[in-house]
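Please read the structure below before turning to the comments.
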Amino acid sequence: HKKELSKTRCEQGHYVCNECHTKGMDVIIDICLSETSKNPIEIIRRMMAQPFCHMHGPEHHAIVPCVLLTAFRNNGEHMNYDAALSEICKRAKQVPGGTCGYWGAAAGAGIFMSVMTGSSPLHKDAWPFPQKLVSIILSRLADVGGPRCCKRTSRIAIEEAVHFYSQFCSVN
């Protein structure tokens, strides 16, 4: 119920703003907090079946890192889960719709990796990890081709992130 400039709309002129797209954030958090599955693909399927999860939209940039964090927690990765989940959600809400086509489709996985490694713009040792993961995901997505499909992209990002992060942690 507002007007704003956007490059994203359907053929009938409809547009869902980022604020409306991310209203499901509370549902994402609730699902994560109660989730017991160790399988990130099972978790993301449950997320994607929720009414807040559209075929396309910036909510996928929140779903991907939340699913990854939750799956690693459920597999025994030791962390301050609540603090990491909060930080992930804060960052993911800043990722605008259309990012996949305008910036690249791996922002959620990059958020996950930066939170897990403590990366920041000035952290010499951890900075390369999210960059490397994002580059791996973007390379695979480029091979798959377009146009966009947020659900397909999210699954691919999760598969690649699990493989990449598992190389550095004790969780199988």
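We number each residue from 1, following the sequence as shown.
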Practice problem: Tell me, with the steps shown, if Cys32 and Leu69 meet side-chain contact (heavy atoms from CB on, under 4.5 Å). | Solution: CA-CA 9 Å; Cys32 288; Leu69 183 75; over 6 Å; no
Quiz item: Would Phe72 and Cys169 count as a side-chain contact (heavy atoms from CB on, under 4.5 Å) if you check the C-alpha gap in whole Å, the side-chain angles of each, and the deciding distance to 0.1 Å?
Solution: CA-CA 10 Å; Phe72 277 98; Cys169 73; 3.9 Å; yes
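Taken together through direct or relayed side-chain contacts under 4.5 Å among Ile, Leu, Val, Met, Phe, Trp and Tyr, Leu133 and Trp127 form parts of separate hydrophobic clusters.
By the side-chain contact (heavy atoms from CB on, under 4.5 Å) test, Gln50 is found to be paired with Val27, Ile31, Phe52, residues two or more places apart in sequence or in another chain being considered. Checked against side-chain contact (heavy atoms from CB on, under 4.5 Å), Asp125 has the following partners two or more places apart in sequence or in another chain: His123. Looking at residues two or more places apart in sequence or on another chain, you find no salt bridge (Lys or Arg N to Asp or Glu O under 4.0 Å) involving Arg73. Shown here are the salt bridge (Lys or Arg N to Asp or Glu O under 4.0 Å) partners of Lys38, two or more places apart in sequence or in another chain: there are none. Considering only residues two or more places apart in sequence or on other chains, Ser114 meets the side-chain hydrogen bond (donor to acceptor under 3.5 Å, both in side chains) condition with Arg91. Qualifying side-chain hydrogen bond (donor to acceptor under 3.5 Å, both in side chains) partners for Arg155, counting only residues two or more places apart in sequence or in other chains: none. Qualifying side-chain contact (heavy atoms from CB on, under 4.5 Å) partners for Ala142, counting only residues two or more places apart in sequence or in other chains: none. Applying the side-chain contact (heavy atoms from CB on, under 4.5 Å) criterion to Ser34, with sequence neighbours excluded, gives no partner residue.
His61 NE2 to Thr153 OG1: the interatomic distance, rounded to the nearest 0.5 Å, is 9.0 Å. Interatomic distance, CD1 of Ile63 versus SG of Cys150, reported as 9.5 Å (0.5 Å rounding). Atom CG of Asp143 is separated from atom CD1 of Ile156 by 9.5 Å, given to the nearest 0.5 angstrom. Remark: Glu159 CD to Leu68 CG distance equals 11.0 Å, nearest 0.5 Å. Distance check, rounded to the nearest 0.5 Å: CE of Met79 to CE of Met116 gives 4.0 Å.
With hydrogens and angles disregarded, no donor-acceptor distance shorter than 3.5 Å links the side chain of Glu87 to the backbone of Val115. Under a 3.5 Å cut-off, the side chain of Thr70 and the backbone N or O of Val67 do not form any donor-acceptor pair. No donor-acceptor pair under 3.5 Å is formed between the side chain of Ser139 and the backbone N or O of Ile136. Side-chain atoms of Thr117 come within 3.5 Å of backbone N or O of Met113 as a donor-acceptor pair.
In this structure, Ala107 and Val95 approach most closely via the heavy-atom pair CB-CG1, 4.2 Å. Closest approach of Ile137 and Ala157 over heavy atoms only: CD1-O, 3.8 Å. Considering all non-hydrogen atoms of both residues, Ala62 and Ile28 come closest at CB-CD1, 4.1 Å. Smallest separation of non-hydrogen atoms from Cys53 and His60: SG-CE1, 3.6 Å.
For the pair Cys66/Ile29, no side-chain contact is recorded, criterion being any heavy-atom separation below 4.5 Å from C-beta on. Two residues are said to be in side-chain contact when any heavy atoms from C-beta on lie closer than 4.5 Å; Leu33 and Asp82 meet this criterion.
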Please tabulate, one pair per line, all N/O donor-acceptor pairs under 3.5 Å involving side-chain atoms of residues 39-48, not counting sequence neighbours.
| residue | atom | partner | partner atom | Å |
| --- | --- | --- | --- | --- |
| Asn39 | OD1 | Ile41 | N | 2.8 |
| Asn39 | OD1 | Glu42 | N | 3.4 |
| Glu42 | OE1 | Ser37 | OG | 2.9 |
| Arg46 | NE | Glu35 | OE1 | 3.1 |
| Arg46 | NH2 | Glu35 | OE2 | 2.8 |

Distance-only check: which donor-acceptor pairs under 3.5 Å involve side-chain atoms of residues 160-168, not counting sequence neighbours?
| residue | atom | partner | partner atom | Å |
| --- | --- | --- | --- | --- |
| Glu160 | OE2 | Arg140 | NH1 | 2.9 |
| Tyr165 | OH | Glu77 | OE2 | 2.9 |
| Ser166 | OG | Val162 | O | 2.6 |
| Gln167 | NE2 | His163 | O | 3.4 |

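Among residue pairs with one or both ends in residues 163-172, none qualify as salt bridge (charged side-chain N to carboxylate O under 4.0 Å, His left out); sequence neighbours excluded. Sequence neighbours left out, not one pair with a member in residues 136-159 passes ring-ring contact (aromatic ring centres under 6.0 Å, His included).
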